[in-house]
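Numbered from 1 within each chain, the chains take letters A, B, ... in sequence-line order.
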Amino acid sequence: MQELPVSVRRALHRLTRRLAIGLFLEVWPAWAVGSLLLAGTVVLIARLFLPHLTSIVPWFWLAPVVAAIPALFVCARRMYRPAHVLAIADALAGGDGLLLALSERPDSAWTGAAALARVATLPLPRVRPWRQLRLIPPSLAFLAIALLVPQRVTPVGAQNAIASHVVADVTAGVAAMKKEQLITPEEEKKLEQEIERIRRGAAKRVDASSWEAADAMQERVAASLATKQDAVKWAQQSLARYGAAAQAGANSSSGTTSSMAADAAELTKALSRLAEAGMLNGAPSELADLAAGRGSLPTDSATLAKLQAALGRFLDERAGRLAAAMATAKGGRFDASEFATSSDTSPDGDGDPGRGGVNRGRADADLTWGRETQPFDRFKAQALPPGSVRSPDDWAPIAVLPGAPGGGAETSRSVAPRSYAAGAGQEAWRRTLAPRHQSAVKKYFDASH
Amino acid sequence: MTNHTDALPAPEVMADVQARIARLVDALRRVMLGKEQTIDEVVAALLARGHVLLEGLPGLGKTELVKGLSRTLSLGFRRIQFTPDLLPTDITGSHILQERDGRKDFTFHPGPVFTNLLLADEINRASPKTQAALLEAMQERRVTTFGETRSLPDPFFVLATQNPIELEGTYPLPEAQLDRFMFKVDVAGVDRGVLEEILLTRVHGEPPPLEPVLTPADLRDVFAVVDTVHMPRAVASYIARLVAASHPGDAEAPEPVRTFVKYGSSPRGAIAIGAAARGMAVLRGKPNVGFDEVRRVAAPALAHRLVLDYTARLEGWDGRRVVAALLESISDVERGLPQTLGAR
């Protein structure tokens, strides 16, 4: 091919590059579509069944790029050989065949032929990849949809998450104690075992007992911290008293000396309590010796002041750590701020713990149904006047209606029908009667005939 | 026909040969008006030293073309009018008992086949036995009679004509004999303009007088140049794929071939395409064969070599149409452009 004119060789190089591009665009889309579909399927499986693959799933966007590697390998194997390029160039230039002939039988006499000039100015074939690329957008959409599918949390994972949530507060409390160096390794190990036991129980089944166990442990941790806090306070107070006694002992009175000895014994006891509570970790050696009973409190004021200052700093530092740990360890599940304190804000009493409504309040509150009478505005007992029974004879006519029969009962029973039979009966009948009485009246007068 | 030289013909040589052939073509075009394509095919076959079967209706100038060819080439010319009672010896010649110097002896009297250019007019009217007499002559370029083999003059061409109508009393050429013709050229009718020109230029219909434009020596030189025309491997591959795809069992065979072709072309068809393409290249002044020459000669070289199924006739398919479908489906380059590239 070296015998061909430079312009022809350049045209052939350009055609070779274009053919390589075309070949890649012919091979790669199939690989890209396959990789996208495969990646989408894997992502779907990961989303549904393999939550631990969540972190690597977004990298599946690179599937088409990875697919380019085998595509390039295939292209390298199917690459157009020079003979192919020459044949294509010759065919594109009109099929004259002179290019092919000169490549096989170089002949400078024919290098200026018009057919070669056509090859030199050969327009490169246009890249039309759309037909091959038409399946990539749907495949890409499939992968995108697969990536958009929310990660399905398996029941085991959810149970574990709930179990971790149950012991979260107590775990935080223990961690705070460990951070503040307020816990011995033995205590830490014991607490962690207990936390793990609760967590395992909650992982199997979460019920009220799980929360109660976590709350109880939280309270124990808080109590332990309170105990340590008390020990520190006792030590601080004992140190203060001993310091005062030592100051007073400078006057060398016997009464003061006995008081100082008692204060010293109390301080020693308080230090021992501190040591038992594990609060002397990292304490100055003289304090540790004192707590272990290996030394005695100094009597000279200078040494005593020095010891007092050291002990005071140590206790202050411990008190600060305890306060910080307490702030974490006392954080329970109940947060009062979550419940509105004003009972007037909702007609249902919603907001007040134990007042019913949508928010029934915390479980340890008294169960009420809302709007119950408060003790202070209950009805007071009121004595009613004594009752009386009226006699049947204690009566008096209130009114006499016109037309009422007069005289005694016998008279009226024998005379009245005769004298009023025609008219009075009719009158009575015409009289306005209640409908329920009409039949009785009619029956009375009909019977009287 | 193989190319043994290592260099392409020089441009000036090609130009000289092309000019000589152009004179021949011009002369033939004056004889046969409006038939440039037919003349090119006949000349290409002549340059390739192949035999041509001209098929067409009576009066289209087939015989005049052959006669014009003989006149312009200064070659020996004989004409045989094939009839049903024609005998093989009427073609090849025979031994005749003659008395010479008091002795009676069989003397060979050569038949009309002993010539350079043989016009076998209406070849399908002779019996198969007589047609077969041409077989050896066409293929081997020699004749054997009474056990004696005699070579035919060089060059030797058979240009046969046949009439596609009036088939009663005719004997269609067998496939084996058809295969020996390099080209089967269909001579179609002429258009109105050509007819007008014929009427104006030819009072009695006779062709204009022709002068020889090529001597036998010139013709030998032309043949030598034709032999040096280079055929690139890619073009040879194209011819091979074309001929292979003419068989219905080939993987690349197009649907019309699978449907209508019973038997595809023989290797002789590929050889004929290659040789004729060389002739066509020389006709065009090219030192090499290109894809275009192959496409140009494929139809006349292949169409008569395909044995078509009876359904082809029912569906209106003939050999040329099948070859056209073949050319349409087979890419000229063995490995074409990727699907993502389109020629502008």
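- Heavy atoms closer than 4.5 Å to chain B are found in both the backbone and the side chain of A:Tyr80.
- With a 4.5 Å cut-off on non-hydrogen atoms, B:Arg284 does not touch chain A at all.
- Residue B:Asp332 touches chain A through its side chain alone, counting heavy-atom pairs closer than 4.5 Å.
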- Given the rule in the side-chain contact (heavy atoms from CB on, under 4.5 Å) test, do A:Leu92 and B:Leu337 qualify, once you have shown the distances and angles that lead to the verdict? CA-CA 10 Å; A:Leu92 290 176; B:Leu337 291 172; 4.3 Å; yes
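- Heavy atoms from other residues, nucleotides or ligands lying under 6.0 Å from CZ of B:Arg258 number more than 12.
- More than 12 heavy atoms of other residues, nucleotides or ligands shown are found within 6.0 angstrom of CD on B:Glu255.
- If you tally non-hydrogen atom pairs under 4.5 Å between each of B:Ala281, B:Gly290, B:Ser237 and chain A, the highest count goes to B:Gly290.
- More than 12 heavy atoms of other residues, nucleotides or ligands shown are found within 6.0 angstrom of CH2 on B:Trp317.
- Using modelled atom types, one side-chain atom of A:Glu26 and one backbone atom of B:Gln339 make a donor-acceptor pair closer than 3.5 Å.
- Between A:Ala87 and B:Val333, the closest heavy-atom pair is O-CG1, 3.2 Å.
- For the pair B:Pro287 and A:Leu98, the tightest heavy-atom approach, listed with the atom from each and the gap, is CG-CD1, 3.9 Å.
- The CH2 atom of A:Trp110 sits 13.0 Å away from the NE2 atom of B:His230 when rounded to the nearest 0.5 Å.
- Heavy atoms of B:Glu12 lying under 4.5 Å from chain A are absent altogether.
- With chain A as partner, the option from B:Arg233, B:Glu293, B:Glu334, B:Arg295 having the largest number of non-hydrogen pairs under 4.5 angstrom is B:Arg233.
- When atom types are taken as modelled, the side chain of B:Asn288 and the backbone of A:Asp96 share a donor-acceptor pair closer than 3.5 angstrom.
- With values rounded to the nearest 0.5 angstrom, A:Arg128 atom CZ is found 9.5 Å from B:Leu341 atom CG.
- The minimum heavy-atom distance linking A:Leu23 with B:Pro338 is given by the pair N-CG, 3.7 Å.
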